[in-house]
Structures are given as structure tokens and as C-alpha cells.
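Everything quoted here is computed from the prediction, not taken from an experiment. Protein chains get the first letters and strands the later ones, always in sequence-line order, with residue 1 at the start of each.
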Amino acid sequence: QDREFTIAVSIPAATHGWTGGVVYHAEQAEAQIEAAFPNVDVIVSTASSATAQVSALEDLSATNELDALVILPFTSEELTAPVETVAANGTFITVVDRGLSDDSIQDLYVAGDNIAVGANTAEWLVEQLGGEGQIVVLRGIPTVIDDERIQGFTEVIEQSDIEILDIQYANWNQDEAFTLMQDYLGKYPNIDAVWANDDDMLLGVLEAVDMAGRTDVQYALGGNGMKQVIEMVMAGDERTPISTPYPPSMIASAMYMTAAQFAGQAPMRGSFLLDAPLITPDNADQFYFPDSPF
Amino acid sequence: MSSADTTMAAPEGEGFRLRWADLAPFIALAVIVVIGALINSNFMAANNLLNVITRTAFIAIIGVGATFVIATGGLDLSIGSMLAFVVGIMIMSMNAMAPALGVWAIPAGAVVALIVGSLCGLLNGVIITVGKIEPFIVTLGTMGIFRAFITWMTDGGSLSIDNSLRGAYRPVYFGSLFGIPYPVVITIVVALIGAFVLYRTKYGRRVTAVGSNADVARFSGVHVGRVRTMAFVIQGFCVAVAAICYVPRLGAATPTTGQLWELQVITAVVIGGTLLRGGKAHIWGTVAGALILEVIANVMVLSDMVSEYLVAAVQGAIIIIAMLAHRFTSAR
Amino acid sequence: MSSADTTMAAPEGEGFRLRWADLAPFIALAVIVVIGALINSNFMAANNLLNVITRTAFIAIIGVGATFVIATGGLDLSIGSMLAFVVGIMIMSMNAMAPALGVWAIPAGAVVALIVGSLCGLLNGVIITVGKIEPFIVTLGTMGIFRAFITWMTDGGSLSIDNSLRGAYRPVYFGSLFGIPYPVVITIVVALIGAFVLYRTKYGRRVTAVGSNADVARFSGVHVGRVRTMAFVIQGFCVAVAAICYVPRLGAATPTTGQLWELQVITAVVIGGTLLRGGKAHIWGTVAGALILEVIANVMVLSDMVSEYLVAAVQGAIIIIAMLAHRFTSAR
Amino acid sequence: MMLARTDMAGATLTPEPPVLRAEGLSKAYGSITVLSDVSLDIRRGEIHAIIGENGAGKSTLMKLLSGHAAPTGGGMAMGGEPVAFADAVRAEEAGIILVHQEILLAADLTVAQNLFLGRELTRGLAVDDRAMNRRTAEVLARVGSTARPTTRVGDLPLAQRQLVQIARALLDDRKVVILDEPTAMLANDEVDALLGIARSLRDQGVSILYISHRLDEVEALADRVTVLRDGRMIGTWDAAELDQRQMAELMVGRELSDLYPAKRPPATAEPVLTVTDLSVDHGRVEGSFEVRPGEVLGIGGMIGAGRTELIEGLLGLRPSQAGSVTLNGRTIPRLDVGAMMAAGLVYLTEDRKGKGLLLNEGLGPNLVLQALNLINPGIRLNRRKETGALKTAVDEYDIRVRSLSVEAGQLSGGNQQKLLLAKVMQADPAVVIIDEPTRGIDIGNKSQIYHFIDDLVRSGKACIVFSSELPELVGLSDRVLVMRSGRFVAELTGEDITEQNVVYAAASSGRGGEGRTQR
Ligand SMILES: Nc1ncnc2c1ncn2[C@@H]1O[C@H](COP(=O)(O)OP(=O)(O)OP(=O)(O)O)[C@@H](O)[C@H]1O
Ligand SMILES: Nc1ncnc2c1ncn2[C@@H]1O[C@H](COP(=O)(O)OP(=O)(O)OP(=O)(O)O)[C@@H](O)[C@H]1O
Ligand SMILES: [Mg+2]
Ligand SMILES: [Mg+2]
């Protein structure tokens with residue numbers, strides 16, 4: 001215990017709900033780890049774009065002897081080479097959420113499964129609608145996460161007779177989701193279900209549906225396991241009976257596992273894939289963090 | 001006067017040309033509405049039109065304030081973030097007052113919002129006029145500051161209004177007066193007041209004078225700095241009014257609230273016929289500009305013609321084409 | 001010459017005052033560097049400084065082009081999206097040529113980038129000058145258009161450079177010439193050429209004349225439209241040069257590439273002493289401005305003093321304070 | 001000087017203290033002193049003319065007296081009480097108003113809005129536009145302006161703007177009205193109206209400080225005359241004691257030769273410029289004309305007759321088309337400033353501030369802007385040549401400047417005009433079109449410019465001159481075309497070129513011989 005260890009954490013800036021949750025959990029974990037292991041120093045750094053994240057990596061590794069790096073990459077392709085550079089100095093690499101293009105770089109991988117988020121939701125929906133119906137989809141900001149979720153979702157839906165009436169961007173923004181949903185409702189006289197690929201957007205969607213008083217919308221689903229939505233699930237809401245977890249707390253798990261490397265406990269390596277099980281009224285309390293902002 | 005004969009011909013022409021140019025945004029709006037109706041029959045549905053007009057309120061109300069700022073030759077990039085910040089403060093204070101005041105927490109919170117909004121505008125104005133720094137840079141700075149504050153206040157998540165207030169507050173966005181949704185009523189009132197102040201008061205006169213030629217205004221005894229600062233305060237006040245309409249809609253503030261609204265607002269103002277270099281102001285043009293933007297967005301969603309990826313491209317192109325058409329019709 | 005006696009004294013005073021104001025961005029840079037060094041000892045590490053200077057290249061190179069546009073009294077909000085678009089086109093064409101040309105696909109792709117970038121600038125310039133529309137609106141429109149195209153080209157995901165080219169291309173960002181990283185070399189070359197064109201050529205003279213008073217320029221036989229358009233072409237070219245340095249660093253284009261860079265670039269230009277209303281241009285000031293922004297960001301990352309949520313607020317505040325300090329020191 | 005000065009004697013004879021008194025006023029910009037130790041009394045109800053060469057410091061003195069600039073030495077007193085004005089607004093409150101030499105109006109506002117800016121009339125909360133427009137119309141009529149109160153100032157021609165500016169000064173009661181070259185942009189009728197107003201104001205007890213380079217006006221109008229030279233006070237005289245020649249010599253400090261050069265023999269060469277069927281602003285102004293080498297073609301007309309429009313159209317600066325334009329034997333395919341200049345035709349605008357000079361740029365860049373391609377054959381700037389050209393121009397055109405590194409905006413009005421002349425001549429043109437050649441130029445330099453034009457024409461070039469100063473038009477031209485309502489209505493040659501004939505042709509009502517010359 002005579003050596004000081006430095007763990008750098010590089011995550012996206014809190015620009016919307018989910019990333020806000022990531023920052024929250026990272027800061028919580030930082031405080032706890034530093035309290036538990038006095039010889040470990042955690043540096044959390046947020047970045048607002050892939051470029052800024054690469055810059056942050058350069059800064060962190062240029063000015064510190066990094067023993068470990070926990071990174072939630074903005075995009076896979078753009079960050080692979082920069083992380084490789086850091087790894088070349090012998091730094092322990094933990095990758096969270098999105099994998100790098102070359103998975104030999106990472107020592108530890110803690111991941112959500114965005115394709116599964118889309119696919120599991122789609123499967124549930126296909127079953128509930130009996131394999132047919134008309135739905136609309138709201139997607140987020142054009143990024144990999146968004147792309148993967150949409151991909152997982154549409155692949156499953158295509159197997160059924162369900163028709164996707166429309167897919168448009170609403171940028172993971174409540175207002176834009178509200179507006180877009182209003183327009184969907186105006187455009188399509190019958191919508192059986194809506195999928196917003198993020199719970200932030202779902203809140204806007206629900207408001208629009210309520211306002212229009214449309215009863216044809218049987219299901220309005222989101223994803224990510226936002227606090228408010230979990231509360232709805234727990235309360236047994238009929239329109240939003242499920243959600244899919246994509247817990248921002250995965251960053252905290254990754255940080256704990258990484259810190260454990262230096263605390264003399266059993267070293268952990270390998271991949272930890274978080275599943276995307278459906279959150280139902282039965283298991284909702286497991287996914288409920290009342291203090292988290294998300 | 002020896003040149004009376006030549007003189008008479010000119011003003012007529014002038015006057016007509018002016019009026020024609022002033023009408024341009026309304027004509028553009030009409031054209032876009034007609035196109036929208038042709039493209040999709042749902043467009044003209046009463047419900048759809050009502051939705052579009054109602055949601056125009058935010059950009060239009062903020063746009064009234066922006067018209068003042070731009071008329072003085074200023075520019076405010078911080079309005080989107082300021083909206084988020086004001087919404088955040090308003091929700092926090094309403095929630096804090098709810099236990100004590102009950103439903104009265106809503107008007108109390110609204111007053112807080114108006115004060116905070118005006119102070120935010122004052123901050124911008126004072127830094128710009130006392131520090132003599134480009135408005136672009138100052139408001140870019142305060143844009144970052146307000147955005148950071150709301151992110152911090154929400155911990156990056158969201159800040160919701162107390163459930164006990166929600167029901168009482170909802171009608172402010174969803175309710176209507178004689179069939180006209182409240183936000184529309186509020187927009188009209190704000191625009192009427194704005195037009196009165198701009199066209200019929202001393203202050204309004206000085207706003208355009210400062211934007212047209214600050215030196216001349218100064219020599220004429222106008223306190224240029226004060227006029228400019230006041231325009232930013234008006235902008236802040238309008239942002240607060242928009243915030244008051246905004247909260248009942250979704251009931252929450254998030255770090256993305258109002259993101260990029262500044263660009264929409266400025267576009268609406270310019271489409272409406274106000275010059276970015278200052279000296280001219282068209283309140284009702286701004287309102288038309290805001291409607292144009294919302295209608296275009298609405299038509300894009302209703303029509304199935306373009307890939308979701310290209311929606312932004314088509315919107316950008318339509319705005320440019322609208323401005324071009326305007327230029328070429330009014331230049332004759 | 002009746003007043004020859006007093007003639008001699010003046011230039012000293014004039015020259016000195018001018019030089020002092022011109023030095024302001026460099027002084028500000030020095031102050032921020034000193035503060036950075038005090039806050040964090042790691043800041044002055046050779047490695048760190050080299051990283052910061054290297055990555056300044058993008059904003060600085062684009063900033064050189066923006067200095068031209070702003071000096072003519074224009075404004076280009078599309079540069080961030082244009083960068084993404086050019087990067088996308090470049091990667092696509094390199095990948096397409098890789099099988100046939102091997103490593104030579106890289107210079108070929110670079111040429112494609114330069115052509116596409118210049119054409120994008122030309123598009124902006126032509127719409128603005130022929131259509132006589134506010135640059136703010138036109139480039140806001142093309143910003144949406146370029147952004148939509150890159151989203152469409154990447155299908156909302158990302159577009160990576162072929163692995164076979166990656167290795168050969170990497171040194172353009174990571175390599176160095178006599179210890180000076182290539183991006184820095186390229187920045188210096190671009191700034192030198194920019195300064196030469198702006199201060200030492202006829203075209204540069206016309207740029208400032210147009211920005212200073214377009215009517216005077218027109219009456220003096222300057223083709224105002226052509227000068228303005230050319231400035232946008234230069235801007236596009238600079239964006240392409242930045243793209244050429246950008247690709248080896250990140251190796252991919254995504255719909256978020258270059259987002260909000262326009263605001264950073266414009267801030268750098270203004271901090272550097274160029275006036276937004278046109279007529280004055282400081283190429284080296286722009287480079288200093290870009291460095292200031294990157295150093296501030298770097299210091300923010302290195303120091304752990306502020307909550308992650310508030311980083312943007314502190315950055316905004318520092319920029320405003322820097323401008324205020326500049327104003328009050330240079331006003332004396 | 002054999003002339004008796006009145007400044008000393010005046011103080012003892014007049015029991016009433018002067019309305020405004022300057023005591024040892026000085027002004028320096030940095031290390032440049034532009035005005036030193038000027039003392040001056042302004043009596044109640046007098047018209048006090050200030051004359052001096054370009055750059056003598058007249059405008060500067062007026063700015064100090066009216067609070068537009070702060071003196072760096074000396075002080076002022078009103079009615080015996082010392083005063084110091086923090087800004088122009090304070091001075092206006094004290095009853096002193098300056099009408100600037102350069103137009104200072106907000107172009108986007110209407111005439112009435114400009115007049116009442118900062119002191120709008122209100123009814124309740126709202127501004128009372130009707131009342132303001134009514135009062136504006138009254139004041140405009142008084143100064144002889146035809147502008148409408150509701151016209152945007154930016155849409156008015158320069159002369160009308162000047163009248164609006166004067167009207168603004170007359171809106172309220174004043175103690176001292178300072179007019180800095182008010183007539184530089186005006187033609188006969190307006191000048192006459194203005195002189196009438198000045199006299200009636202004087203009769204009401206208002207003091208008027210009057211700056212003009214038109215010494216005939218000064219002679220006709222002033223009660224007393226103060227002469228400045230190189231920033232110093234030369235003295236104050238009763239106007240009755242001075243004739244124009246004496247004034248001129250006091251200003252310049254030396255004997256003056258003849259104002260106008262002798263007329264040249266009739267030009268017989270083939271026209272160097274032929275313009276047929278030029279139509280500007282969709283036919284509002286139309287005309288055909290030609291000019292021969294060795295000839296000065298004068299173009300006369302009332303304000304707004306369309307002379308400026310015609311030429312701006314010829315240069316493609318306004319929407320225009322032409323049947324044909326032949327210059328130097330070549331047909332010009334396109335109406336365009338650059339192309340015209342390359343073919344040998346240049347134009348000196350009447351609006352030097354708005355269209356002539358880059359006020360925030362140095363003298364060198366201004367000088368070479370038009371002739372960039374000629375001075376620099378390659379793409380590079382030849383700075384040495386530029387500095388050389390500036391030095392030559394400063395000598396040749398006698399630009400009085402205390403430092404070569406000042407900005408153009410810091411030159412005195414007249415010196416700006418000379419710089420502008422030097423600028424267009426850099427292109428070495430065959431045809432020079434000069435709109436108001438001596439606007440704001442002092443008498444000594446006027447004669448210089450006239451001789452300059454003469455030399456030019458004698459060397460085989462051609463010159464077209466527009467002037468609102470009839471003596472100038474008549475004294476200079478070999479041939480005069482008169483324009484009325486956008487059409488040429490008369491051509492005068494030889495003996496027919498008289499002020500009466502020009503006025504007769506220009507005035508649509510046919511009132512001939514009413515010019516200022518009748519005095
Ligand atoms: N801001 C300034 N900085 C430096 N020098 C100045 C400035 N303003 C005026 N000057 C100088 O002061 C001198 C006097 O100028 P002023 O305008 O008073 O002359 P003037 O007598 O009105 O001449 P004109 O008849 O040409 O109008 C000129 O040499 C001018 O260059
Ligand atoms: N009183 C007026 N109100 C509005 N417009 C006017 C007035 N007088 C003239 N104009 C406009 O001014 C333009 C002609 O002015 P222009 O400058 O060409 O005349 P000019 O003969 O050159 O007179 P100047 O001696 O002032 O230069 C025309 O467009 C005419 O309609
Ligand atoms: Mg003067
Ligand atoms: Mg004229």
C-alpha cells in the first residue's frame with residue numbers, strides 16, 4: 001500500500017439525461033473509491049465531443065502516470081487509436097458501453113448492449129401486438145448508440161407484420177419529441193404503439209399523446225431506465241408497462257472493478273456484458289435509484 | 001421649390017416598395033402554408049394547425065425580445081440557455097414555495113422567473129455596454145454559463161415541477177380562451193406590447209436610432225448604453241414569459257432545454273425582415289418568421305418525401321430559397 | 001508643407017498604440033499560460049504543451065480562413081458542418097481509391113478534399129453575394145445542409161478510413177518535422193500564407209477595403225462580390241486543410257464531427273483582435289486566440305477544481321474576463 | 001496688415017458680455033497640436049464668420065465650442081460665466097448647437113424622427129408622430145427643403161440631408177448656432193434660403209458662427225470675420241473692412257493669383273468619350289453626351305436633377321443600360337467601374353465620406369485602392385511604391401497633414417477632398433469626371449485645383465465637372481450641358497456660358513437670372 005495509483009475516467013459531458021446519469025454515477029463512484037482507497041486518485045474528465053475526448057485523453061496521459069483508464073468512448077472508430085496510444089504506456093484500460101474497433105486493446109470491458117435494447121423492446125412489442133399493427137419511432141442524436149438501438153429494433157420488427165410508419169430524429173430532447181409526436185399524431189389516424197429509443201423523449205411523447213387524447217396508442221415505450229419511467233412501470237402503467245435498462249451506473253461498476261485491481265483483490269479481466277432484460281413491475285425496484293438525477 | 005416636380009414621383013414609389021418588402025414574410029408564410037396543404041391533406045386539419053401555432057409561441061415570444069436586441073445592432077446567443085436556466089430557477093422556486101403557498105406558488109414562481117430573466121438580460125447588457133465587448137462574444141460566454149448552471153442544477157438529469165402544481169399549471173399551455181390557446185393569446189399580447197413600445201414610444205424610437213447610427217444617437221443626447229442594456233433586459237423578460245408558457249407543457253427542465261433555440265429565434269427575426277446590422281425592426285415579421293419555421297418543420301414531418309437524415313438539409317434549403325425569393329421579388 | 005515640423009513626432013506614438021492593441025491576444029495568452037502553470041505543475045510538461053499546441057491546429061487553420069471572411073464583413077456558421085462533410089467525402093474517396101492506388105489514395109483524397117472544401121465555400125459565397133442575403137442566414141442554412149449530408153453519408157453512424165491507409169496516414173497528425181509536429185508546421189504555413197495574402201497582396205487590401213466600407217470599395221472599382229466570394233472560398237479551402245489534419249487523428253467521420261466548431265473559430269478570431277463588423281484582420285491574433293481557447297480547455301481538464309457540470313461556465317467566464325481585461329488595458 | 005482689428009476694441013465698446021467667449025483654447029490629438037491659444041468673442045445677435053485654409057482648425061474650434069470635443073487647454077465662458085461642456089448634449093442645453101460639416105443623421109429613421117431624436121414629443125406614453133411631422137414640415141419649409149417629414153433620411157440626396165441637418169438645429173430656440181460649411185452641398189436656391197434664415201435668426205438675437213469657403217457668402221452675410229491659419233488665431237475684423245481678396249490673403253498669408261485659369265481654345269479633336277442613350281434607374285434619368293480631349297464639359301442643374309445618378313449609372317453603380325459607350329476609341333461592353341477605369345475613365349464622387357474614402361484606413365491604402373492594378377502589376381503589394389506615391393501626392397495636391405500615419409478620417413474635410421482627388425488621379429485617366437470638385441476646399445486650394453484641371457485638359461485629357469457652384473461651373477467649363485428632371489435640356493458654349501443662362505435652363509419654371517450672382 002505504499003504506492004499511489006491514478007485512475008483516469010473519461011466520459012461524455014452531461015448533455016442529456018443519460019449522459020447526465022453517467023456523470024452523476026462517475027462522481028459518486030469517485031468519492032467512494034477515494035474514500036475507500038486512500039492511495040487511489042481518481043480523475044473524472046468529461047468531454048463534449050469525440051475530438052474533445054481525444055484531447056482529454058492526451059492531456060490526462062501527458063500529465064499523469066496513468067495506472068488505469070476508464071473510458072466511455074464517444075464513438076468506437078474515432079477513439080480506438082488514441083486509447084491504443086494510452087495502452088502502449090502500460091496503462092490498464094477499462095472500456096465501458098461502446099467497444100473499441102480493436103478489442104485487444106482493452107483489459108476490461110463493461111458493456112451495455114444497445115442492439116439488445118432495441119431488439120428486446122421490439123420482441124416484447126411484437127408479442128403484445130400479436131405480430132401486426134402500425135407503429136412510429138423516434139430516434140435520438142445521430143450516433144452509434146442511436147444507430148445500434150434502431151438497428152436492433154428494426155431487425156426484429158421486420159420479421160413481423162408490424163409496419164413502421166415513420167422514423168425521425170428528435171435528438172434525445174423532450175421538446176423535440178413532443179413536437180414530433182404531435183406531428184405523427186396529426187399525420188397518422190391510427191398508431192398502435194410508439195417507441196422512443198430513450199426515456200427522456202418518451203416523456204415528451206406521452207405528453208403529446210395525452211394532449212391529443214388519442215386512445216389508439218396502446219403502448220408508448222422508451223428505453224434506458226430513467227427514474228420517472230421506472231416509477232411508471234412500478235405503478236403498473238398500462239401504456240408504458242415496461243422499460244429496458246441501460247443503466248448509466250455501469251460507469252460506476254467499471255470504476256469499482258478497475259479500482260479493485262489496485263486494492264490487492266483478485267484482478268478482474270475480461271468482458272462483462274450487461275444484459276438488457278425487460279424492466280417489468282416485478283423487477284422494477286432493482287433498477288430504481290431514487291437519488292440519481294436520471 | 002424648384003425641384004418639386006421631380007420630388008413628387010419618388011416618395012410614392014418608395015412607400016410602395018417599403019410596404020411590399022414588409023409584407024414579404026407574410027406572403028412567404030402564405031406560400032408555405034399553401035404548399036403544405038397541397039403536400040399533405042392532414043396539414044390543414046384544425047388540430048394540426050392549432051398545434052403548430054401554439055408551439056410557435058416560444059420562438060415568437062423570445063423573438064419579440066430578440067427583435068429589440070437586433071434592432072439596436074446587438075445579438076443574443078444566450079437565449080436558449082437562458083430559457084433553460086430561467087425554467088430551472090422557476091421550477092425550483094415553485095417547488096420550494098408549493099408547501100407554503102399551495103397553488104399560489106405558480107404565480108409567485110412566475111414572478112421569480114420574470115425577475116430572474118430580466119436580471120440575466122441585464123447581465124448581458126451591462127457586460128456588453130460597460131465592457132464594450134462584441135455582443136457575439138459576451139452572449140456566447142453567458143450561453144455557456146447559463147447552460148452549465150442548468151446542467152448543474154439538474155445534476156445532468158431533469159428537474160420536474162411538483163406534482164401538486166402540475167395540474168393547476170397545465171392549462172397555461174394546454175388551455176384556451178374562447179378557443180384560442182393561451183400561449184397564442186400570450187404571444188399576441190407580447191407582440192402587441194412589443195410593437196407599441198417599438199413603434200410608439202420614445203424608447204422604441206431610440207432603439208432604431210441606436211441601431212442605425214450610434215454616434216448620431218449619442219450626439220442627440222440618447223444614452224446609447226442604456227438603450228442597448230434595456231433591449232437586453234427586454235429580451236430577458238421575453239425569455240421569462242416564454243419560460244412561463246414552457247413549463248406547463250412538459251413540466252421539467254433538462255440540460256437540453258432550449259438548445260439551439262437562439263439560432264431559430266435569430267432566423268425568425270431575420271426572415272421577418274429585421275436587419276442584423278440594426279436600425280430596422282419588424283415585430284410582426286418576427287412572429288411570421290417564427291410561424292414559417294414551425295410550419296416548415298411540421299410539413300417536413302407530415303410529408304414522406306425526404307429521408308430522415310436529410311430533413312435538416314431540406315429545411316436549410318427552404319429557408320435560403322425563401323430569402324432568395326424575397327430578395328428577387330422585392331428588388332424587381 | 002506648412003506643418004512639416006510637427007510631422008515627425010507622430011508615427012512613434014501611433015505605431016506604439018497600435019502595436020499594443022495588437023499584442024493584447026498574445027499577452028492574454030501569456031497570462032493564461034502562467035496561470036495554468038501555477039494551477040497545475042503538469043501543465044508545463046513538454047508533452048502536454050506539445051499536445052495542446054498540436055491540437056490547436058484545427059481551430060487555428062480554420063480560423064485563418066474565418067479571419068478573411070470576417071474581415072470582409074461576413075460570417076460563416078457552416079464551418080463545423082462543412083468540416084464534417086469534407087472529412088466524410090475525403091474518407092469515402094480515399095477508401096474508394098485505396099484498392100487501385102494503394103497509399104497514393106491519401107494524397108489523391110487530400111486533393112479531393114481541397115476541391116470539395118473550396119466548392120463548399122464557393123457555394124456559400126455565391127448565395128450570399130448573388131442573392132444578397134445575410135451571411136448569418138445563408139451559412140446557417142448550409143450548416144444544416146452539410147450536417148444533413150454527413151448524417152446521410154454515415155447513415156447516422158460513422159464512416160471510417162480504410163485500415164490499409166491508417167498507418168500511412170497517421171504521421172500527418174502524429175509525426176513531426178525536426179521535432180515540430182506536422183499539424184503545427186501546417187498551421188504555421190497556412191498562417192504565413194494567410195498573412196502574406198492579407199497584408200501583402202492586392203487581394204488582401206481589397207478584403208479590408210470591402211469590410212471597412214463596401215460602397216467605397218465599389219466606387220473604387222473593386223468587385224465587392226468577387227472579393228467576398230473569394231473569402232468564402234479561402235474559408236472552404238482552410239476547412240479542407242484542417243480536414244486533412246483531422247482524419248489521421250480520429251480516422252472517422254460521424255454526424256457530430258466538428259459540431260459547434262464554428263463558435264470556437266469565431267471566438268478565436270474575435271479574441272485575436274479581428275472586428276466582427278469587418279475591416280480589420282489579425283491572422284496571428286487568430287492563432288493566438290485559438291491557442292487561448294485550447295489552453296483554457298486543457299487547464300480545465302488538468303485541474304480538478306470545478307464540478308464537471310460547471311466546466312462550460314468557467315470557460316465562458318474566462319473568455320469574457322479575458323476580453324474585459326483586454327479592453328481595459330488597451331483603453332488605458 | 002493695415003487693417004484694424006476689432007477684437008480689442010470690441011471688448012471695451014460693448015457693455016454686454018459676449019454670449020460665448022473662448023479664452024486661449026487649445027486642442028491636441030496625442031502629440032499633434034491642431035489648435036493653439038485661440039481666443040474669441042461671440043456677441044449677441046451677430047453673424048460671425050470663421051475662415052481659414054483647409055486644416056486650419058475651424059471645425060476643431062467649432063467642436064470645442066459645442067462640446068463635441070474637449071479642449072486640452074484654455075476655457076470658455078457664456079455671458080461672463082465660465083462653462084465647460086461634458087458633451088454635446090450639455091452644450092445644446094446651454095443653447096449652443098453645431099451643424100456638422102459631415103452629415104450626422106441616422107439613415108434608417110425618417111426626417112421627422114431624426115429631427116426629434118432624443119427629444120421626442122409625446123402624448124401620454126406614445127410618441128406624437130403627427131405633431132412631430134407637422135413641426136418638421138414647418139422647419140423644413142423654413143430652410144427651403146422639399147423633403148417630406150416621413151421620408152427615410154437614407155433615401156434623400158446629400159443636399160437634402162444637409163438641409164435636414166440644419167433644420168434640426170433650428171427646431172428649438174438657440175443662443176448660438178454654429179454652421180460648419182452648411183452650403184458646401186447646396187445649390188443656389190437653397191443657399192439663398194439659408195442666408196435668409198441666418199439673417200432672420202440674427203435679427204432675433206441669435207448668434208451665428210458661420211464657416212464657409214465661399215467668400216462671396218461670407219462677404220454678403222457676416223458682421224465680423226475671424227481668420228485662422230495653421231491652428232492659430234490671426235485676428236478678427238469687421239466684415240465691412242474686408243473684401244474677398246483681402247480675406248483670401250489673410251487666410252493664406254500671401255498674395256493670390258487669378259482664381260480661374262484662362263479658357264482654352266475650342267477642342268476640335270474626335271470625342272474621347274461618347275455615350276448614347278444611357279438610361280439609369282429604369283429611365284428616370286436618360287441622356288447622350290460626348291466629351292473631347294482638351295475640353296472641360298460642365299454639367300449643371302438644380303439639386304436632384306439627376307447628374308449624380310447619370311454618372312453612377314454610366315459606371316454601373318446603379319441599375320442602368322446604354323445604347324453604346326465609346327471610350328478612347330474602344331467600345332465598352334459593360335458598364336462597370338473597373339472596366340471604365342481600365343479604359344481610362346475615373347469618377348470622383350460627391351460623397352467622400354460614404355463612397356470616397358475608407359475613413360478608418362491609412363492614407364496610403366486609400367490613395368492606391370482604385371489604382372491597385374496599375375501600381376502593382378503582380379499580385380503582391382509594392383509598399384515602397386505606395387509610400388512614394390503618397391509622398392508625391394501629398395506634395396502635388398498639397399494635402400496638409402501633420403503625419404503620414406494618420407487615418408483618412410482624421411484629415412480635415414478639405415484635405416480629404418484633396419486626397420480623394422489624388423486617389424482617382426492615380427489611375428492616370430484620359431477622362432476625369434468630378435462631382436463637386438471643390439466641395440469644402442479653401443479658396444487658395446480652389447484655385448490650385450482649377451489650375452490643376454486646366455493643366456490636365458491642356459495635356460490632352462478630358463474632364464467632366466458637375467458643380468452646384470455656378471461661378472465655378474461657368475469659370476471652368478468650355479461647354480455646359482444643363483440637366484432638368486433627369487433629361488438634358490440645354491447645351492451652352494462659348495459666350496453663352498453665363499450663370500443666368502444656366503439657371504434659366506435648369507429651373508423648370510423658367511425663372512432666369514435669379515441666382516446668387518445678383519448680389
Ligand atoms: N481625431 C484627430 N486626430 C488627429 N488629428 C486630427 C483629428 N481631427 C482633426 N485632426 C487634424 O486637425 C487639423 C484641423 O482640422 P479641422 O477639421 O479643424 O480643419 P478645418 O479648418 O475644419 O479644415 P477644412 O476646411 O478642410 O474643413 C487637421 O490637420 C486634421 O488633420
Ligand atoms: N426632395 C427630395 N426628396 C426625395 N428624393 C429626392 C429629392 N430631391 C431629389 N431626390 C432624388 O435624388 C436623386 C437625384 O439626385 P442626384 O444626386 O442625382 O442629383 P444631382 O443633380 O446630382 O444633385 P446634387 O447637386 O445634389 O448632386 C433622384 O433619385 C431624386 O428622385
Ligand atoms: Mg472643417
Ligand atoms: Mg450630385
Side-chain angles (χ1 to χ4, degrees), chain A residues 8-15 19-20 22-24 26-27 30 41-65 74-82 85 101-102 139-151 167 169 171 293, chain C residues 40-52 54-56 58-59 80 83 91 147-148 150-152 154-161 163 166-167 170 173-174 246-261 294 297-304 307-309 311-312:
Chain A
V9 181
S10 173
I11 51 177
T15 50
T19 48
V22 170
V23 174
Y24 171 83
E27 291 198 327
E30 175 183 11
D41 183 21
V42 178
I43 306 172
V44 176
S45 158
T46 61
S48 52
S49 67
T51 322
Q53 193 171 31
V54 173
S55 299
L57 283 190
E58 289 174 358
D59 292 344
L60 293 169
S61 56
T63 55
N64 296 286
E65 273 304 316
F74 249 90
T75 55
S76 310
E77 291 80 3
E78 293 172 303
L79 278 131
T80 300
T85 316
S101 306
D102 177 359
R139 59 191 303 182
I141 294 172
T143 55
V144 185
I145 320 167
D146 177 72
D147 212 34
E148 286 178 353
R149 285 188 192 174
I150 295 294
Q151 186 196 336
I167 298 189
Y169 285 106
N171 298 321
Chain C
N40 194 303
S41 54
N42 294 325
F43 174 73
M44 291 302 282
N47 237 333
N48 185 54
L49 288 183
L50 218 58
N51 282 340
V52 173
T54 309
R55 76 170 78 112
T56 301
F58 309 126
I59 300 295
L83 177 95
I91 290 179
R147 185 60 69 197
I150 183 67
T151 309
W152 180 67
T154 59
D155 269 346
S158 82
L159 195 63
S160 307
I161 187 166
N163 263 333
R166 248 197 134 146
R170 257 183 74 91
Y173 185 81
F174 294 97
Y246 179 91
V247 173
R249 185 176 191 217
L250 295 175
T254 71
T256 52
T257 298
Q259 220 166 30
L260 297 187
W261 281 24
E294 286 295 348
N298 178 252
V299 173
M300 298 302 304
V301 172
L302 294 188
S303 75
D304 235 351
S307 152
E308 296 307 328
Y309 301 125
V311 170

Top of C:Asn298, C:Ile161, C:Asn47 for chain A proximity - count of heavy-atom pairs under 4.5 angstrom: C:Asn298
Given C:Thr256, C:Thr257, C:Leu250, the one that forms side-chain contact (heavy atoms from CB on, under 4.5 Å) with A:Thr51: C:Leu250
A:Asp147 versus C:Asp155, closest heavy-atom pair with distance: OD1-O, 3.2 Å
Side chain / backbone / both / neither for A:Ile150 at chain C, heavy atoms under 4.5 Å: neither
Pairs of heavy atoms under 4.5 Å with chain C: top-ranked of A:Ala47, A:Ala26, A:Ser61, A:Ser45: A:Ser45
Heavy-atom contact with chain C under 4.5 Å, split by part of A:Asp146: neither
Structural part of A:Ser76 lying under 4.5 Å from a heavy atom of chain C: neither
Residue part contacting chain C, namely of A:Tyr169, when any heavy atom lies under 4.5 Å: side chain
Separation of C:Arg166 CZ from A:Thr80 OG1 (nearest 0.5 Å): 6.5 Å
Heavy-atom pair with the smallest gap, counting every atom of A:Ser55 and C:Arg249: OG-NH2, 3.1 Å
Per-residue contact mode, A:Ser49 against chain C (heavy atom under 4.5 angstrom): neither
Nearest non-hydrogen partners of C:Asn51 and A:Glu58, listed with the distance: ND2-O, 3.4 Å
Beyond-backbone contact of A:Asp59 with C:Met300, side-chain heavy atoms, under 4.5 angstrom: no
